Amino acid sequence: MSDPTILVLSSLADGEKHGYAIMEDIQGFANVRLGPGTLYGAITRLEQRGWIRPVDSSDRRRPYRITGAGREHLEERLASLNQVVKTAMRRLKHA
Amino acid sequence: MRQLIRWMARLYPAGWRERYAAELDALIDDIQPKWQDLFNVLLGALRMRMATGSYLKIMAFAGLAGALVAGVGALLTEDRYVSTAVVRFTFAGLADSDRQGTLDRLRRMQQEVLSRKSLGELMTQSALDLYPEDRKRMPLEDVVENMRKGLRINLLEGPNWRATTFEISCMYPDKFKAQSVVREVMAKFVEQLNTTQRSQAPPAAVTLQLLDPANLPKQPIFPNRLVMVAVGLVCGAGLGPLAVLVRRSAARFFKSA
């Protein structure tokens, strides 16, 4: 699992976070360090698709929150991934 | 490093910078920046340009990025110096029956000088200490093979029974050591010649003449950093718009399908 958009959506699934907090969170739960260019590339795409939204803030560290459409997309992708994981685990057991 | 990454962030399109530059700047303040972050931001800017820019702008930007990457590669590439000497063997008063035998002896001398034992000894001489890092992590045979690639003995004249002229050259990252290696190889030739002559009865009439002593190279022969940057610029300017063209065409195709 190294798709930055899914990692960012997963990070925002439990509440709003700014760029650095997202980066740290992803490193914690997925052991993946997103570079600044990759992180903001993903944030740009997610915002354009309406899957995340910036939260009003006077700070330079602007937080983002996941939208309903973003949550729906994340659920679809995770369900699909879950199916792959289940199949692979089942096959490994029987191999 | 932070400042370098900030400069790199200026390569993002103006519209993107207006919206996200302050946030990216804050992120750069928060992280412990690494070299890979510099390239990551460069790559991010390149992708953003490719997604939004005109072909002319993409060409300029990709060319600049190519030149930059090639420039960093050129700076990280180790210098290589070449020292050269020219030596001539002359054969005086040889009987016809001795001629072929003398040329064979000369070939054997060259083989002996370039043998694994001879080069291994040369490499480990405390005054030279060649390829120390390679010797730590590779078998000696492989290091000797690498050394042979940098050590050339080229025929300039002959081989024939009147005179045979060789050019001996050595390429090495340290110009003083390159010169010393050529001198040492010369010394080994002299040593071999003396041994051969002593073992002949009557002594072989071969003399060695040093036409050009081993020079101390002033400039490295490799890398040519200017050429590397130019190649990076041309490749970037050519491949960048091509990649965007392919990507946009594919996106249009899938959209219409």
Side-chain angles (χ1 to χ4, degrees), chain A residues 1-12 15-67 70 73 76-77 80, chain B residues 1-53 58 61-62 64-65 68-69 72 240 243-244 247-248 250-251 254-255:
Chain A
M1 167 53 71
S2 59
D3 179 352
T5 55
I6 295 301
L7 291 172
V8 173
L9 285 176
S10 303
S11 174
L12 295 177
E16 58 191 51
K17 292 183 188 72
H18 56 68
Y20 181 63
I22 295 172
M23 193 189 246
E24 287 284 287
D25 185 40
I26 289 172
Q27 182 138 33
F29 74 76
N31 200 23
V32 172
R33 184 183 184 275
L34 294 185
T38 309
L39 176 66
Y40 269 89
I43 287 177
T44 307
R45 287 194 298 279
L46 289 169
E47 197 183 344
Q48 280 169 354
R49 289 168 192 175
W51 292 341
I52 63 171
R53 189 182 305 140
V55 176
D56 286 339
S57 167
S58 55
D59 191 0
R60 288 190 308 156
R61 292 167 182 79
R62 189 198 296 256
Y64 287 88
R65 86 161 54 106
I66 192 166
T67 63
H73 174 73
E76 277 171 21
R77 290 291 304 272
S80 157
Chain B
M1 176 64 75
R2 279 197 173 84
Q3 197 52 45
L4 274 176
I5 298 176
R6 281 198 184 96
W7 284 338
M8 210 56 83
R10 288 183 192 173
L11 296 173
Y12 275 91
W16 190 94
R17 283 204 310 275
E18 205 173 301
R19 167 66 185 82
Y20 295 102
E23 290 177 45
L24 183 61
D25 200 47
L27 179 67
I28 293 165
D29 278 341
D30 289 337
I31 60 171
Q32 288 293 320
K34 298 175 182 171
W35 272 107
Q36 54 259 46
D37 292 330
L38 186 73
F39 290 102
N40 187 263
V41 170
L42 173 67
L43 203 64
L46 186 66
R47 282 184 178 147
M48 211 52 73
R49 288 267 173 197
M50 287 186 165
T52 58
I58 288 164
F61 183 78
L64 187 69
L68 197 71
V69 171
V72 171
V244 173
R247 193 173 161 170
R248 287 181 183 173
F254 286 117
K255 206 172 175 181

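Only heavy atoms go into these numbers, but all of them, side chains included; no hydrogens, no water, no symmetry mates. Convention: sequence-line order gives letters A, B, ...; per-chain numbering from 1. Computed from a predicted model, the values in this text were never measured in an experiment.
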Mark yes or no for whether R2(B), through its side chain, and I31(B), through its backbone, hold a donor-acceptor pair below 3.5 Å.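 Flag set: sc R2(B) to bb I31(B) pair under 3.5 Å.
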Just by distance, do the side chain of D37(B) and the backbone of I5(B) share a donor-acceptor pair under 3.5 Å? no
Go through the atoms of [X] and report whether side chain, backbone, both or neither lie under 4.5 Å from a heavy atom of chain A.
X: Y12(B); value: side chain
X: D29(B); value: side chain
X: L43(B); value: neither

Those residues that, when tested against R19(B), pass salt bridge (charged side-chain N to carboxylate O under 4.0 Å, His left out) (two or more places apart): E47(A), E23(B)
T5(A) and W51(A), any side-chain heavy atoms less than 4.5 Å apart: no
Bottom line for L34(A): the part with an atom under 4.5 Å from chain B's heavy atoms is neither
